Asks: 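If you scroll down you'll find the structure; I have some questions about it.
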Amino acid sequence: MAEHFDAIVVGAGPAGSAAAYTMAKAGLSVLQLERGEYPGAKNVQGAILYADAVADLIPDFREEAPLERHIIEQRMWMLDDRSHIASHFRSENFNEEEPNRYTIIRTQFDKWFSSKVREAGALLICETTVTDLMKDEKGRVVGVRTDREGGEITADVVILAEGVNALVASKAGFAPTPNPENFALGVKEMHFLPQDVIEQRFNIGEDEGVVIEAIGTVTQGMLGTGFIYTNKESLAVGLGCMVSDFAHSGITPYDLLENFKQHPSVKPLLAGSEVKEYSAHMIPEGGYKAMPKVFGDGWMIAGDTGQFVNSLHREGSNMALTTGKVAGETVAALKREGKPMTEANLARYRQTLNDSYVIKDLKKYRELPGILHRNKQFVTTYPQLMSKAMESWFRVDGIDKRTKEKSILKSFLSARSFTGLIGDAIKVARAIR
Amino acid sequence: MHSVVCIKQVPDSAQIRVHPVTNTIMRQGVPTIINPYDLYAVEEALRVKDKVGGKVTVISMGPPMAEQALRKALSFGADRAILVTDRAFAGSDTLATSYVLASAIAKVAAEEPVDIVFCGKQTIDGDTAQVGPGIARRLDIQQLTYVAKLERLDLDKREIAVQRRAEGGVQVLSTKLPCMITMLEGSNEIRFATMDDMFRAARANVEVWGADTSGVEDKTQCGLKGSPTVVKKVFAPKPREEKAEMIESRDKAPAEIAASTIEVLAAADPALAAEFGPRPPAGA
Ligand SMILES: Cc1cc2nc3c(=O)[nH]c(=O)nc-3n(C[C@H](O)[C@H](O)[C@H](O)COP(=O)(O)OP(=O)(O)OC[C@H]3O[C@@H](n4cnc5c(N)ncnc54)[C@H](O)[C@@H]3O)c2cc1C
């Protein structure tokens, strides 16, 4: 029995489910294939969820989605081995009727989201891996092959939302062979603590949450960041560094995370917790310049597969949701207009993205990955210099303040030189301009 | 040939969390699976069908979400799935569960005679191994428990022969159909469903039978009311007092660690050490 669908979606992460949801809502016949046992079984995220992108699809999601805490406070830490310098932003404005950011547990969120996709009428089949795309003699994509007997299924269009490890897209020649400089490896542990302990330790009320993002010597010279997010009854503690840096340094992600957890600023936050989960996952961080072409005859790419991640702002799930939705809308509109899923027609997908925050933001930071790769001083030298400066500044020890200023300045100059300092300032400005 | 397979949805014990504060099992967010022993039952029923033709019906008593387990059984190739669910069945012990399941199987059999009822050896969350035999007793059919292999099936004579794992050996038993069989772990391996079966399962309707529609005649025999078993207390056994001996491994070469481990073992068991003969000195 040969099955044919209007659209096949590969993957049931946020990108795939957003695409499937949008198309099913528009009345299309949609098949979604997921290799995990259930949606979310294989997915890893910090995880901060940005409400806007979800509300765009399901306006009243707050009433039913499994959400942990809404974020009212952001802490940015710069660490050396024994200290941290922090900026905190906390605002009562974040305790709004419809909060903007939430912590979530992806296995639960993905399952819920997928139930919405099925309610909308899409057919979801799990535990089934897409192994390859079917193409016709002209190279147009006409369907997928799966790892099951009788697994060839055809469709007018295939949306590849297979996540960061884009095996199908690579095999089809749509995504380049992964370059380790464009990917970070994130590792994460879930530390369980009683709800009231979390709320006391982080100075928050019920449902309120805190985000800590940390850079500095915890990544041992590698480009990356650490994080601590508050869930209801657990803390997500993790670190991500560039795959190329892991390869060069030989440091294992697990050791790195162990060290992070032992940092004097981190340890007390985790004291007494019980670790229940350890996970690791890649993050596409190559940005705009690493983006593959995201559409062609009979196919589109959404989410991590298309490198749609803003690494500086840790936005990935929202871009996945938005790209999935726009891809779905593009297909639905073409169907409505009775137009075929050709490359020329699907170009509308990219045009719509160009006008959205997705491409605008990725473009804005297009120089960032390159600049950071070449300038590790931002995660090594500066945190150390800043810590030393702060320590000397706050220590009352009979040394006059002018002398302290001079020695701080000298330490910066000898570490980076005057032109080096100016150069770094320019680089930062260029990277995030 | 018509087989009925009874399956139960259980929490994946590999992923269960114990609440650090209250010490109770946290079921929320724990994935559920088909009781692993039941998969051998499903596969064996499908093999019988592959060999002699016929039909496989799967039945589960459980909460509404047990529908997922039934759907999965359909994807392996089962033909019909029935979920027996009702608030009145909640809290059933093995006595009440076997009563409800036997009633439902009797109702199925009234439409279409049943030749074999397959069950798993036991469940991983209850471990009693009582439900299968309970069903056989109530349906008044022969029971073959702990079956490792189906040896022979003679449909003309309506006879079956199986290998049953017993203490100290294997028994070969034969009996008349209909009968009830509980399958042992390792007796077969569940198949990888075909794409067609995946589609069929994803689209199938799982029939839902409630207290009034599942053939149950006496509701006082179901649920808490029909369950004489009382769980008095659940507790985690105290860890034993014996202490482990720590062998320092930090900053030591593997050979050194191995040597000091052998030293410790030899000291604890001189007879064993003598048997192994002389050892190179630690650190060599
Ligand atoms: C440690 C870490 C922390 C992060 N923190 C954040 C954060 O705080 N906020 C944020 O917004 N983003 C964060 N991200 C990024 C975010 O997780 C991703 O951007 C997002 O999950 C991308 O969604 P997706 O749908 O594209 O891919 P995924 O969520 O990876 O989903 C892809 C799906 O496709 C399935 N699949 C893959 N291949 C096949 C195949 N061949 N056949 C069938 N199915 C297949 C997979 O099983 C998976 O379910 C983080 C990532 C990591 C690793």
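It should be emphasised that the depicted structure is a prediction, and the values quoted were computed from it without experimental measurement. Residue numbering restarts at 1 for every chain, and letters A, B, ... go by the order of the sequence lines.
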Asks: Using only heavy-atom distances, determine whether the side chains of A:Ser317 and A:Gln45 contain a donor-acceptor pair under 3.5 Å.
Replies: yes

Asks: With sequence neighbours excluded, what pairs up with A:Asp132 under the side chain to side chain contact (heavy atoms under 4.5 Å, CB included) test?
Replies: A:Arg145, A:Lys171

Asks: Given a strict heavy-atom distance threshold of 4.5 Å, which part of A:Leu31 is in contact with chain B: side chain, backbone, both, or neither?
Replies: side chain

Asks: Are side-chain N/O atoms of A:Tyr229 and A:Arg69 paired as donor and acceptor at under 3.5 Å?
Replies: no

Asks: Which of residues 16-27 of chain A have a heavy atom under 4.5 Å from any heavy atom of chain B?
Replies: none

Asks: Using non-hydrogen atoms and a 4.5 Å limit, figure out which bit of B:Ala193 sits close to chain A: side chain, backbone, both or neither.
Replies: both

Asks: Verify whether one side chain among B:His2 and B:Thr57 offers a donor that lies under 3.5 Å from an acceptor in the other.
Replies: yes

Asks: Select, from A:Glu37, A:Arg118, A:Glu127, the one with the greatest count of heavy-atom pairs under 4.5 Å involving chain B.
Replies: A:Glu127

Asks: Please check if any side-chain donor atom of A:Arg148 sits under 3.5 Å from a side-chain acceptor atom of B:Thr194, or the reverse.
Replies: no

Asks: Determine whether the side chains of A:Tyr254 and A:Glu258 contain a donor N or O and an acceptor N or O closer than 3.5 Å.
Replies: yes

Asks: Is the closest side-chain donor-acceptor distance between B:Asn188 and B:Glu43 under 3.5 Å?
Replies: no

